[in-house]
Amino acid sequence: MFVTVAVNIPSEKTFSYSVPEALQQEIAIGKRALVPFGKRRLTGYIIEVSHLTGCEDVKEIIEILDFEPLFNEEDLKFYRWVSQYYIYPLGKALAEILPGGIDPKSDRWISITGKREERNDLQISAAQKCIIDTIDHFPGGLPLDRLKSLLGKKDISRDINALVGAGFIVVEERNGKPEITPKTEKLVHLNRQDIAITKLTRKQILITELLHSHGSCSVAALRKGFKNVMPLLRSLERRGIVCISEEEVSRGHGQNPDIGGGEAVITPNEDQEHALCEIVKGLQSSSFSPFLLHGVTGSGKTEVYLNAIAETLRMRGSVIFLIPEIALTPQLLTRFNRRFKGQELAVLHSGISKSARYDQWRRIQRGDINVVIGARSAVFAPVRNLKLIIVDEEHDTSYKQDDRMRYSARDLAIMKANLSLATVILGSATPAVQTYFNTMRGKYRYLVLPRRVEDRPLPKVEIIDMKREAEGSRHTSSHILSRALKEAIDDTLEKKHQALLFLNRRGSYTFTFCFDCGHVFRCLNCAVSMTYHASESNLKCHYCDYAMRPSTSCPACHGKRIRPYGVGTERLEEEVNKLFPHARIERMDSDTTSRKGAYEKILKALDRRDIDILIGTQMITKGHDFPYVTLVGVISADTSLNIPDFRASERTFQLLTQVSGRGGRGASPGRVIIQTFNPGHYAITRARDYDYMGFYDDELALRSALSYPPLTRIVNLQLSSLSREKGMEGLNGLRDFIADSLTKNKWKDKVEVIGPAESPIARIKARHRWQLLLKGKDARAVHNMAKDILSKASITALDIKVDVDPLNFM
Ligand code: ADP
Ligand code: ZN
């Protein structure tokens, strides 16, 4: 018997091994096996099992690491597709997809041999003696890395080799336990009902009675009631009255939130009814049925999702429900639990412990759990009988993973539904331009909820031109809040309502610049401006944490007029505190929510109306539903307009619409005030008018003129190197290769190559960055060329890291 495995190495190759007789029973696709790999032992994911001979000289697998598979063939089909689509080796993709922390750690261990006595006779250097002396403290040996850190030296391989050669020490691969393993518990079951009571002690009778009423009980639980319970149980076991077994217990997600008002039974309105009807048709058809559910915030999309889930569960199907931000889980879980009392579900996201993710993963795989709620990675969950995938806020950029394997969970949801013949709902108030484009071309069915429920009005949006504001208020010290916004806050406080103030930058001042020449103070390691943190009175880089003192003169023109500018949430909070000393003010950004539970705490306080003004970054823009929030202030609409990305306008439009939707969700009408220096920009005016179609038309015209996605396909190859010279050298090699393959006609007229050129952020964490855009209408040609470039060996030889960012797969 042979298996093919994928291993977590940067190569597309898979490897064959033979299976020793003793392990053949246990072999299955989806399990992991420990395999010899060169001098190492690696975890291999079994992706094929065969009985064919013909590869006799392959090595044997060492061990099987799983009792049950982590995925089946159907899942594997999807994972293989993912690996190819994102040009990411299967082994690495699987390592990313499967629950973390479950692979045995492979370590190089050093230990002393028995030749202690001879040691004095031989000549060894002082450094080698030092190594021996250190290892002597560890009779069982120690990992090489540990030895290095104890010695405070990295380069000891020559001495180690010499000592191995002399026979004083041995180096071997040892596999440690993985970080996460299944948890087991001793359980006691009652064997017989007809117990001869006379022969039992009083305690034993109590135990059997307990077991009689409970069926079975864990030893740990019994221990709480009975001292020294084990001998009692063993004696019962010997007499055949009970049996004790070791069984796995599943660690759950432990999320049990309760946020937001009670929910009565809701009868869907006409629009919801229509959308549901179409979705149910899709579910019943058992064929791939993709939908775009386009509805303004508060139009009742979540109600539609919940009804679709109910229908799916009736059909005994499974559901994956993707949410953009883990912060949104509490509210959704509350609604879900109220609707589906007792329905078990898995929660998969980075806020859930690794062990719970592992346990839930396996229960999903077995088909024990039918509902999975999670962030982007939940799209990989190995659900059985998948019938429905929901992607809420499908336009949200957090569906895209931006490092390692760069994938878009929204696009994968479509593909997964396609492979599983399932229904997929992409829901949004502001669909991604790409999604709407696909819908217009008939790829997805269009469902719309045009009104808010019960015809609650959308908040009225006002745009404040901050250029005018600055001119008009020369005598006041602050330009952060316009007069209109200040008055509106006053008004809100008076009515005992709540206000949200949105600003997508944390810290005090987002940059410091010279008033004379415009020079901006930047990080030494990263090509970004430094954020001023007033509390520490220094400039900090949000990419690498480099900090420096602000200087008093400009390094470029020696001007003395250095000004901090660009307000962050911290500074905004300070200002609001000063202006509204009696208001209860909270701030919600990644600085204030880094502690576990902090986020939920703030939301609960907002829900209880213990907060009058909540200041925050985009965390506050998403999904929350608080009826007393009647004012939303956008401090600066310009931050997202200025990002160097062809989707900057799209982002801005989405953010503004989203944040506006937070206002006036209850009975009182809401009001939104947007401050900007670009009051005429179409992203802002269209957001003011809630005019998605208008925005889409404006945007598509621009994209079309510049041949950007969705009219073309772009792959962004991001190249980076620690050394600028080596990087440039690599780029030159790459240019030659591209020129060559273009002249050889392979991609000619099909792929437009832009760059390689410096990335918009030319350096991050001291790595120089370039990007190479491949652009064209023929998606396959673009994809294949990207693949070709990636496989070009000289790139790796030249120490350039290449990341494939399939841009418009977003
Ligand atoms: P969305 O997801 O589009 O923002 P929700 O589904 O959260 O909208 O609905 C917004 C609010 O309206 C919720 O409080 C919800 O309970 C309520 N709601 C939804 N549908 C109806 C309906 N048909 N009748 C009355 N209230 C509804
Ligand atoms: Zn930096």
Side-chain angles (χ1 to χ4, degrees), residues 10 12 80-90 92-93 96 376 397 399-412 414-415 432-435 437-438 443 643-648 650-651 703-704 706-721 727 730-731 733-742 744-762 764 767 769-796 800-810:
E12 286 196 58
R80 279 186 196 271
W81 187 88
V82 171
S83 150
Q84 291 189 349
Y85 192 67
Y86 292 112
I87 317 180
Y88 203 74
L90 182 61
K92 283 179 83 68
E96 174 121 357
R376 59 177 178 247
T397 50
Y399 281 124
K400 184 151 178 260
Q401 173 151 298
D402 257 331
D403 58 352
R404 305 188 306 276
M405 183 166 79
R406 289 153 191 251
Y407 65 90
S408 152
R410 182 239 288 144
D411 294 352
L412 287 185
I414 297 280
M415 193 55 205
V433 169
Q434 179 83 50
T435 301
F437 182 79
N438 284 339
K443 281 193 177 178
I643 53 171
D645 187 317
F646 70 88
R647 285 157 304 196
E650 182 178 350
R651 296 268 160 77
R703 300 261 183 109
S704 160
L706 300 167
S707 359
Y708 274 131
L711 299 121
T712 54
R713 174 141 311 195
I714 292 186
V715 170
N716 182 356
L717 292 173
Q718 298 178 345
L719 311 136
S720 70
S721 171
L731 290 192
L734 198 57
R735 280 195 189 95
D736 294 346
F737 172 78
I738 292 167
D740 194 42
S741 64
L742 283 178
K744 277 190 193 136
N745 249 338
K746 217 165 158 192
W747 317 115
K748 207 178 172 189
D749 304 327
K750 283 193 175 156
V751 184
E752 185 189 347
V753 180
I754 305 162
E758 238 172 32
S759 298
I761 300 179
I764 291 180
R767 285 192 84 88
R769 303 163 82 240
W770 297 269
Q771 66 183 24
L772 175 65
L773 295 180
L774 307 180
K775 192 158 124 179
K777 281 202 190 319
D778 181 344
R780 191 158 295 267
V782 173
H783 182 95
N784 286 340
M785 183 162 181
K787 219 165 159 175
D788 249 31
I789 292 178
L790 255 189
S791 62
K792 191 177 170 320
S794 68
I795 297 177
T796 35
I800 293 192
K801 192 167 151 253
V802 187
D803 295 306
V804 184
D805 189 2
L807 253 191
N808 66 317
F809 302 176
M810 282 239 353

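Computed from a prediction, not measured in an experiment: that's the story for all the values here.
- The side-chain heavy atoms of L774 and I789, taken from C-beta on, include a pair separated by under 4.5 Å.
- Between S408 and Y86 the shortest side-chain heavy-atom distance falls below 4.5 Å.
- Using a cut-off of 4.0 Å between Lys/Arg side-chain N and Asp/Glu carboxylate O, R647 and D645 are scored as salt-bridged.
- Looking only at atom types and distance, the side chain of Q771 has no donor-acceptor partner in the side chain of E758 under 3.5 Å away.
- In this structure, the side chains of K787 and E12 come closer than 4.5 Å at one or more pairs of heavy atoms.
- Proximity of Q718 to S759: side-chain heavy atoms (C-beta onward) are nowhere separated by under 4.5 Å.
- Closest heavy-atom contact between R410 and Y399: N-CB, 4.2 Å.
- P756 pairs by the side-chain contact (heavy atoms from CB on, under 4.5 Å) definition with L719, L731, R735, L772, not counting sequence neighbours.
- Within the model, atoms CZ of R703 and CZ of F437 stand 10.5 Å from one another, a figure rounded to the nearest 0.5 Å.
- Put simply, CZ on R406 and NZ on K400 are 7.0 Å apart, with the number rounded to the nearest 0.5 Å.
- By the side-chain contact (heavy atoms from CB on, under 4.5 Å) test, I754 pairs with E752, L773, K775, sequence neighbours left out.
- Q401 places a side-chain heavy atom less than 4.5 Å from the side chain of E96.
- Between the CD1 atom in I414 and the CG atom in N438 there is a gap of 8.0 Å [rounded to 0.5 Å].
- V715 is listed as a side-chain neighbour of L717, based on a closest heavy-atom distance under 4.5 Å.
- Note that CG of D736 and CG of L734 are 9.0 Å apart. Values are rounded to the nearest 0.5 Å.
- Atom-to-atom distance recorded for Y708:OH and F646:CZ is 7.0 Å, nearest 0.5 angstrom.
- Here the closest heavy-atom approach between residue H783 and residue Y85 is recorded as CE1-O, 3.2 Å.
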